[in-house]
Structure formats: structure tokens, C-alpha cells
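See structure below.
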Amino acid sequence: MAVSIGRCLAVDACLLILTLTCHHSNADNIVAGASTEEAPHRRFEYKYSFKGPHLSQTDGIIPFWVHSGNAIPSADQVRITPSLRSQKGSVWTKNTVNFDHWEVKVTFRVSGRGRMGADGLAIWFTTAQGLDGPVYGAADNWNGIGIFFDSFDNDGKKNNPAVLVVGNNGKLVYDHPNDGTTQALGTCLRDFRNKPYPVRAKITYYKKTLTVLINNGFTPDKDDYEFCTKVDNMIIPQEGYFGISAATGGLADDHDVLSFLTFRLTEPGQDLPAPEAEMPKEEQDKYQEEFENFQQELDKKKDDYQKEHPEVQREPKEMYESVNDREIRQVFEGQNQIHQEIKQLHRQLAMILDEQSRYVSVVTDEISKRHGELVGQVGSLSVHVHSCVQQIPDIVFFLRNSFHESLKQIDATQHQANPVSMGTYETVQHFNEIQEHLHVVKRNIEHLITRNGSPSENQGEKCPDPPKLPSCLGTIHFLVFVVIQSGLFLSYIMYKSQQEAAAKKFF
């Protein structure tokens, strides 16, 4: 039984390794294919875009766009719907889009007081402008594509907020009760309500593939996109209108669009048409006439203002700085930068001086500590030597007296003994050797006594000088240290003088 279980585990491990290897190879192939494919060329299309800070004109019109319903354009954003119940609004491009591949970047906010909101926001590309309708404020039965940001859970499956991609050929009716899930070509769950930063959506249609990327609004990074969904082999109308709409129901949110940027995509190697070729001759003449009329009105208003305010000089103010002003500004900026560099050098020099003083204090403490230890050792050694010197004379006198007494006893013994009857030749020879040795010892002791002197003289002698302390700092090192200190001091003096001169001159 144990053997069969072990075999099964081994087989499972082999299958897992093979599966991971296959997946890894497939991922490598996908990445290699993506890296070899050249990215398309992008060109910004201003007629199909809007952004702040001058989003709308003074009369509330967005250039090249139309708005309807409850949409409220302002200088920095378009409020598609306010946070009121049963509101609808939308904005659409005036001109049709006639390029095959495109990319749009939409920046928006959806904010409300409650935990739940309604109904949502939609981004459109359709053959007709759906200015009003039941599908997030736009018309139903559209012909094109819609990307829906649905914030209300109509079917009760707790799968909202969500992002859906729904296509229509003009014959389908949007499935509101099921939140369009039965008609969705792609979907992902993303919470886009009440985020600290604006939510961003990047929608790309290139080579019959629609890709949706979402920035959830948690960071200020504009390029922090996450993959949402992708629809392959998708065919949409070649010409259409871009639009964005929103709607509220029983619950209400503010749906604000900060920017809508459109880019034309072209395959590498394909030439882009000239901007003049895309506009008809009649439209060019129309815009040129409008520009000339506007210029005449502006000149007339300037003349009227000059007549009403003759005290105002007619010479216009220079919008750009002159050459002299630019040179002076550059000189001041350079001097300011030099001043900042000098301040930085001053701070670094102060840090070096503090560090040097700290090192000097540490070295001084260490030298004083070692000097104290050596002085203590030398003092104890000198006391011990002094005591020994004081004891040497006493020991010498004691030994001298002892040897004199021994010599006297030996002489007395020699005179009392009878050499014929009591001693032999060996005994006499032995005593002679002892006498010679004693005389040698006596001479040595007397020599020591004469060299050391009497005890009274020894007490008056000075103790030997203590050994010299080891030198921690050589002569060369000391000279180098003095030169460095002098250089630093002179540099500091020069720096202070330059700083005071610069302060007097420019500040």
C-alpha cells in the first residue's frame, strides 16, 4: 500500500513538472511574439478630444463636441450627471471618426455618499450620436460598441461595480435586468467609485482586437494600468462618433469626466494622411472666414478700449523677456547656485572640523590613560627597587661578619691541631682550599661594599629615572598634521571672506 502511494505521488509530481514546463514555454513564446511585433504609430487627434484647464469656452460649448441632457461643461471637467435622481447626460463628437485603428484614454471620477451608487457611465463608438436614451443616458439599439462602467447591481448577483464590453448591430435591445451580462463580449470586476485619484481607462482598437485597460485610481501614476478584458476578431463600423454618457436612478452619483484623449493608430510603414487632406475645402473656407471675422472683432474691441482709456499706453507689453533680461537672470541664477554650493561646502567643512575635534579628543584621552598606567607601573617599580637597595648593605655587612667569624674559627682550629699526630695530608689540603675560597668571597664582598658605599650614602642616592614613554606621534606625522590644520584654517578664512563679500554684493 505504501509503495503504491509513493508511485502515485511520483507520477503526480512528474505531471506537475511537465505542465509547468509547457506553460513556461508557452508564456515565453507569447512574450517573444509580443516583443517581435512592432508597436503602431500614434497621432493625437485634437478634434476628437477634450481636457482641462480650458475645456469649455465662455458660452459653455466644448470645441468640436456637443453635449445634451443634464451635462454641465466647466473649465476643467464635464459633469455628465450631478448626484441627483433620474438624471441623464452625454457628450458626443461633432465630426465622424474615419480612421481604422484608434485608442482613447478617458479620465473620470464617480463619487457618491452611499456605499452603493447608480446607474453608471458608458463610453461609445457608434454610427450615430445617441444623445438621449435608456442605456446609461444614451440611445438603445446602437450600431457599434459600448464600454459600460455599471455601478448598480440590478440582477442581485453581487457582481457590481463591473466593466462590460457590449456590441450591437442596431437590432439588439440592452438587457437591463441582467446588467447586460447575457450580451457582454468581455467583462471584469473593478470598483471605480470614490477613489482617491481619478480612474483612467485605456481602450484600444487595433487589427480587429479591442483591449480595455483600467487604472483603479489608487495611485497618482498615470501609466499604472491593469488588464481588464480583450475581445478578438471584433468588427466595428469604419466610421462613427465617440461619446460618453451617464445616468442616475433611485441612487445618485456625480459622474465627472476630466479628459477624453483620442489617438489615431497606424501600422508601421504606413504613411499618415496630411491634416489638410482630411478636411473638405468648404470646411476650410468656413473656418478661415470665422477666424477673420473674429480677428476683426478683436481689433475693433481693442480700438474701443483705447478710446475709453486714453491714459493706458498703447504699446503692448512684451510677452517674452529680452536678451539683456535673460542674461541678467542667468547671471543671478548662476550666482545663486554658487552661493548654494558655498553653503554646502561650509556645512561639509563644519562636519569635517567636528569630526577632527572628536578624533583629537579620543586620541588625547587614550594617551592620558596610557600615561597614567605607565606612571603607576614605574612608581611601584621604583619603590620596590629602593627597598631592595636599602636592604643590600645590611645583607652585605651580615655576610662579611659571618665570613670573618668563620675565618677566625678556622685559624683557631689550625693552631690547636697537631699536624703529626692528629691530621693527615688530605685534611690539610682540604682546609687550604676552604681558606682560598673564603678569601675569594671576602674580596668580592669588599669590592661590592666599596662600589655601593655605606648604607647612609645609599639612602641619599636618587631612584633610577623611569623609562621613557613610547612616542605615539612621530615628528613627520606631527608636521603633516600641522600643515593640514593650517591649510584648513586658511581655507576657512578665505571661504568666510568670500561669503561675506557675496552677501554684501547680492543679498
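- Between Y136 and F148, the ring planes lie tilted relative to each other; the angle falls in the 30° to 60° range.
- Side chains of S68 and S90: a donor on one and an acceptor on the other come within 3.5 Å.
- Taking the six-membered ring where tryptophan is involved, the planes of Y492 and Y495 are tilted, since the angle between them lies from 30° to 60°.
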Item to check | Stepwise side chain to side chain contact (heavy atoms under 4.5 Å, CB included) test for N159 and T181 | outcome: CA-CA 10 Å; N159 54 357; T181 55; 4.3 Å; yes

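- For F125, the ring-ring contact (aromatic ring centres under 6.0 Å, His included) partners two or more places apart in sequence, or in a different chain, are W102, F242.
- The distance from atom CD of Q330 to atom CD of Q337, rounded to the nearest 0.5 Å, is 12.0 Å.
- Counting only distance, with no hydrogens or angles, the side chain of N215 and the backbone of D221 share a donor-acceptor pair below 3.5 Å.
- Residues L213 and F227 are in side-chain contact: their nearest non-hydrogen atoms beyond the backbone lie under 4.5 Å apart.
- Annotation: ring-ring contact (aromatic ring centres under 6.0 Å, His included) contacts of Y241 (sequence neighbours excluded): none.
- The two residues S357 and D354 make their nearest non-hydrogen contact at OG-O, 2.7 Å.
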Next on the checklist: Working note: I145 + M234, criterion side chain to side chain contact (heavy atoms under 4.5 Å, CB included); need CA distance, chi angles, decisive distance, verdict.
Outcome noted: CA-CA 10 Å; I145 190 70; M234 186 173 187; 2.5 Å; yes

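- With hydrogens and angles ignored, the 3.5 Å screen pairs no side-chain donor or acceptor of T209 with any backbone N or O of D232.
- Taking the six-membered ring where the residue is Trp, Y287 and F64 present perpendicular rings, their angle passing 60° and hence far from 30°.
- To the nearest 0.5 angstrom, M116 atom CE is 8.0 Å from N160 atom CG.
- Between the CG atom in D179 and the NZ atom in K157 there is a gap of 9.0 Å [rounded to 0.5 Å].
- Here the side chains of F192 and S151 are in contact, with some heavy-atom distance below 4.5 Å.
- Checking N178 against D155 by side-chain atom types alone, no donor-acceptor pair falls below 3.5 Å.
- L298 pairs in a side-chain contact (heavy atoms from CB on, under 4.5 Å) with only one of the listed residues (K302, K300, Q296), which is K302.
- Using a distance-only test at 3.5 Å, with no hydrogens or angles considered, a donor-acceptor pair links the side chain of D254 to the main chain of S83.
- With N233 contributing its side chain and K208 its backbone, the two residues share no donor-acceptor pair below 3.5 Å.
- Between A138 and W92 the shortest heavy-atom distance is CB-CZ2, 4.2 Å.
- Using a 4.5 Å heavy-atom cutoff, the side chains of V104 and Y48 are not in contact.
- Applying the 6.0 Å contact sphere to CD of E289 captures no more than 12 heavy atoms from other residues, nucleotides or ligands.
- Here the closest heavy-atom approach between residue Y205 and residue L265 is recorded as O-CD1, 4.3 Å.
- For the residue pair M494 and S497, the shortest heavy atom distance occurs at O-OG, 2.6 Å.
- Judged as a salt bridge (charged side-chain N to carboxylate O under 4.0 Å, His left out), the pairs with a partner in residues 87-111 (not counting sequence neighbours) are, in order, R42-E103.
- A donor-acceptor pair under 3.5 Å is formed between the side chain of T187 and the backbone N or O of V163.
- Side chains of Q129 and W124 form no contact here, defined as non-hydrogen atoms less than 4.5 Å apart.
- A donor-acceptor contact shorter than 3.5 Å links the side chain of H176 to the backbone of P134.
- Remark: the backbone N or O of V135 is not paired with any side-chain donor or acceptor of D140 at under 3.5 angstrom.
- Between N336 and E333, the closest side-chain pair of non-hydrogen atoms is not below 4.5 Å.
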Checklist entry - So L55 and W65, side chain to side chain contact (heavy atoms under 4.5 Å, CB included) or not? Walk me through it. => result CA-CA 11 Å; L55 191 148; W65 290 73; over 6 Å; no

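- Annotation: side chain of L488 is in contact with side chain of L349 (closest heavy-atom distance under 4.5 Å).
- To the nearest 0.5 Å, atom CD of residue Q77 and atom OG of residue S56 are 10.5 Å apart.
- Counting non-hydrogen atoms of other residues, nucleotides and ligands closer than 6.0 Å to CZ of F294 gives a total of 12 or fewer.
- Residues P73 and G60 come closest through the heavy atom pair CG-O, 3.5 Å.
- By the neighbour-count criterion of 12 heavy atoms within 6.0 Å, atom CD of Q238 is sparsely surrounded, having that number or fewer from other residues, nucleotides or ligands.
- Annotation for R329: atom CZ counts as buried by contact number, over 12 foreign heavy atoms lying within 6.0 Å.
- Residue R85 places its CZ atom among 12 or fewer non-hydrogen atoms of other residues, nucleotides or ligands, all under 6.0 Å distant.
- Of the listed residues (D119, N70, T81), just one forms a side chain to side chain donor-acceptor pair (under 3.5 Å) with Q87, and that residue is N70.
- Within the 4.5 Å cutoff, the side chain of F108 has no heavy atoms near those of the H255 side chain.
- When each of K343, Q348, E341 is checked for a side-chain contact (heavy atoms from CB on, under 4.5 Å) with L345, only Q348 meets the rule.
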Item to check | Residue pair V257, V91: steps toward the side chain to side chain contact (heavy atoms under 4.5 Å, CB included) verdict | outcome: CA-CA 10 Å; V257 180; V91 290; over 6 Å; no

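- Listed by chain and number, the residues in a salt bridge (Lys or Arg N to Asp or Glu O under 4.0 Å) with D285 are K281 (sequence neighbours excluded).
- Residue T93 holds its OG1 atom at 12.0 Å from CD1 of I244, rounded to the nearest 0.5 Å.
- Side chain of S49 to main chain of T262: a donor-acceptor pair is present (N/O by atom type, distance under 3.5 Å, no hydrogens or angles).
- For N169 (side chain) and K171 (main-chain N/O), a donor-acceptor pair under 3.5 Å exists by modelled atom type.
- Residue pairs meeting the salt bridge (charged side-chain N to carboxylate O under 4.0 Å, His left out) criterion with at least one partner in residues 356-365, sequence neighbours excluded, are E355-R358.
- With hydrogens and angles disregarded, a donor-acceptor distance shorter than 3.5 Å links the side chain of T248 to the backbone of L84.
- Between E297 and K301 no salt bridge is recorded (no basic side-chain N to carboxylate O distance below 4.0 Å).
- The shortest side-chain heavy-atom distance between F149 and I214 falls under the 4.5 Å cut-off.
- Listed by first and then second residue, the salt bridge (charged side-chain N to carboxylate O under 4.0 Å, His left out) pairs that reach into residues 186-205 are R190-E226, D191-K195, R193-D253, sequence neighbours excluded.
- Between N216 atom CG and D224 atom CG the span is 8.5 Å, to the nearest 0.5 Å.
- Residues G137 and A247 approach most closely at N-CB, 3.6 Å, considering heavy atoms.
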